[in-house]
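Each chain gets a letter, A, B and so on, in the order the sequences are listed, and its residues count up from 1.
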Number of protein chains: 2
Amino acid sequence: MKRNSRLSLALHTLGHMAREPDRVRTSADIADHAGTNPVVVRRVLGRLRKAGLLAAEKGHAGGWRLARSPQEITLADVYVALEESMVATPGNEAQPDCSVEHALHQKVASVLEDIERSLIEKLSATTIAEVR
Amino acid sequence: MKRNSRLSLALHTLGHMAREPDRVRTSADIADHAGTNPVVVRRVLGRLRKAGLLAAEKGHAGGWRLARSPQEITLADVYVALEESMVATPGNEAQPDCSVEHALHQKVASVLEDIERSLIEKLSATTIAEVR
DNA sequence: ACAATACGTAACTATTGAAGTTACTAGATT
DNA sequence: AATCTAGTAACTTCAATAGTTACGTATTGT
């Protein structure tokens, strides 16, 4: 895996789970299929668990499964659960000294907030059960 | 400067130029004000030059100036000139083996393309002369 | 003519963030 | 008790970007 593939990994895994909701999958199985590492899988899916999208069981016959029906999990749920803003506002300083920079930062940040909302709205139109 | 600050640097500089279009600025001046390096400034502004937004002159009294009126340069022009897609599609493989992954990739890519268009549209509503 | 100035660019280093890895703990099942 | 699985901390690897050094090219002032 390369860069910013957390969303990919999460969606990919949930996509499979949506097709076979009853099958419990181990981190190792998932990592194998996705070409990555069980620890990375746990890190990513752990966020989805905290967001209430997935449940995990330990021990024999343990593993990951959907915490609710795939029809009730939208792509936006996954995106938001990962807390990754794809449209992160550029630059570094929150409060730039320069007034010109400040004004531009405000303007761009406002546009990006709109866009982020719009992105989430679009993603919420599709559930993981629909895409296949 | 930290990360993905090219857009910040570009807008910041153009913002100042919009206020004093007649003043020619050297890379060193700009770098000083922005807290970065002349070479970095040239790299970033060079893209804007290639996009026809800026002009650069060498030699004594040389430096950077707007290639056209600040009222005719929108934030979208700058964004596009930098060829940075803030909403880059995640994941690595363009053609994933797995059909589930493929379907999800398609869906997400399509949403992100919409969002990218929408972002450019919003940015094109503001010129560098307006923000101050 | 020539020195000084400024952009253009290649090549390298430093820094940062994410992925990958190792190692260990805690809980569940056989 | 042994085994299997998630949870997590600590570390390493890798990639992308910013920063730096060095040098070339063009222009201008003396």
Between D:dA6 atom C1' and A:Arg25 atom CZ, what is the distance in whole Å?
17 Å

Integer-rounded Å distance: D:dG7 C1' and A:Arg43 CZ:
12 Å

B:Leu14 vs B:Leu54 side-chain heavy atoms within contact, under 4.5 Å
yes

Below 3.5 Å, does any donor atom in the side chain of B:Arg49 face an acceptor in the base of C:dG8, or the other way round?
no

5' to 3', nucleotides 22-30 of chain C under a 4.0 Å protein heavy-atom cut-off (B base, S sugar-phosphate only, - none) gives BB--BBBBS

To the nearest angstrom, the CH2-C1' distance between A:Trp64 and D:dC4 comes to 15 Å

Pairs involving residues 31-56 of chain B, ordered by first then second residue, that meet salt bridge (charged side-chain N to carboxylate O under 4.0 Å, His left out) (sequence neighbours left out):
none

Do any pairs count as a salt bridge (charged side-chain N to carboxylate O under 4.0 Å, His left out) and have a residue in residues 52-71 of chain B, sequence neighbours left out, and if so which ones?
B:Glu57-B:Arg65, B:Arg68-B:Asp77

Please output the side-chain donor-acceptor pairs of residues 108-123 of chain B that fall under 3.5 Å, not counting sequence neighbours, one pair per line with the distance.
residue: B:Asp114; atom: OD1; partner: B:Arg117; partner atom: NH2; Å: 2.7
residue: B:Glu116; atom: OE1; partner: B:Tyr79; partner atom: OH; Å: 3.2
residue: B:Glu116; atom: OE1; partner: B:Ser85; partner atom: OG; Å: 3.1
residue: B:Glu116; atom: OE2; partner: B:Tyr79; partner atom: OH; Å: 3.0

A:Thr36 side chain near C:dG20 phosphate (N/O to OP1/OP2, under 4.0 Å)
yes

For a quick test of reading the model, state the closest non-hydrogen atom pair linking A:Ala31 to A:Asn37 and the distance between them.
CB-C, 3.4 Å

Give a yes/no on whether any side-chain N or O of B:Ser5 is located under 4.0 angstrom from OP1 or OP2 of D:dT17.
no

C:dA18 P sits how many Å from A:Leu9 CG, rounded?
15 Å

Between CG of B:Leu54 and C1' of C:dG8 the distance, given in whole Å, is 15 Å

Any salt bridge linking A:Glu20 with A:Arg25? Criterion: basic side-chain nitrogen under 4.0 Å from a carboxylate oxygen.
yes

Sequence neighbours left out, what passes side chain to side chain donor-acceptor pair (under 3.5 Å) with B:His33? Give chain and number order.
B:His12, B:His16

Is the side chain of A:Thr26 donor-acceptor paired with the backbone N or O of A:Asp29 at a distance under 3.5 Å, no angle test?
yes

Please report the interatomic distance OG1(B:Thr126) to NZ(A:Lys107), rounded to the nearest 0.5 Å.
3.5 Å

Can you pull out how bent the helix from C:dA1-D:dT30 to C:dT30-D:dA1 is, comparing the axes over its first five and last five pairs, to 10°?
0°

Once you round it to whole Å, what is the distance between P of D:dA16 and CG of B:Leu7?
20 Å

Atom-pair distance (CZ on B:Arg6; P on D:dA16), nearest Å:
12 Å

Would you mind reading off the distance between B:Arg65 atom CZ and C:dA6 atom P, rounded to a whole angstrom?
16 Å

Taking only N and O in the side chain of A:Ser27, is any of them less than 4.0 Å away from OP1 or OP2 of D:dT5?
no

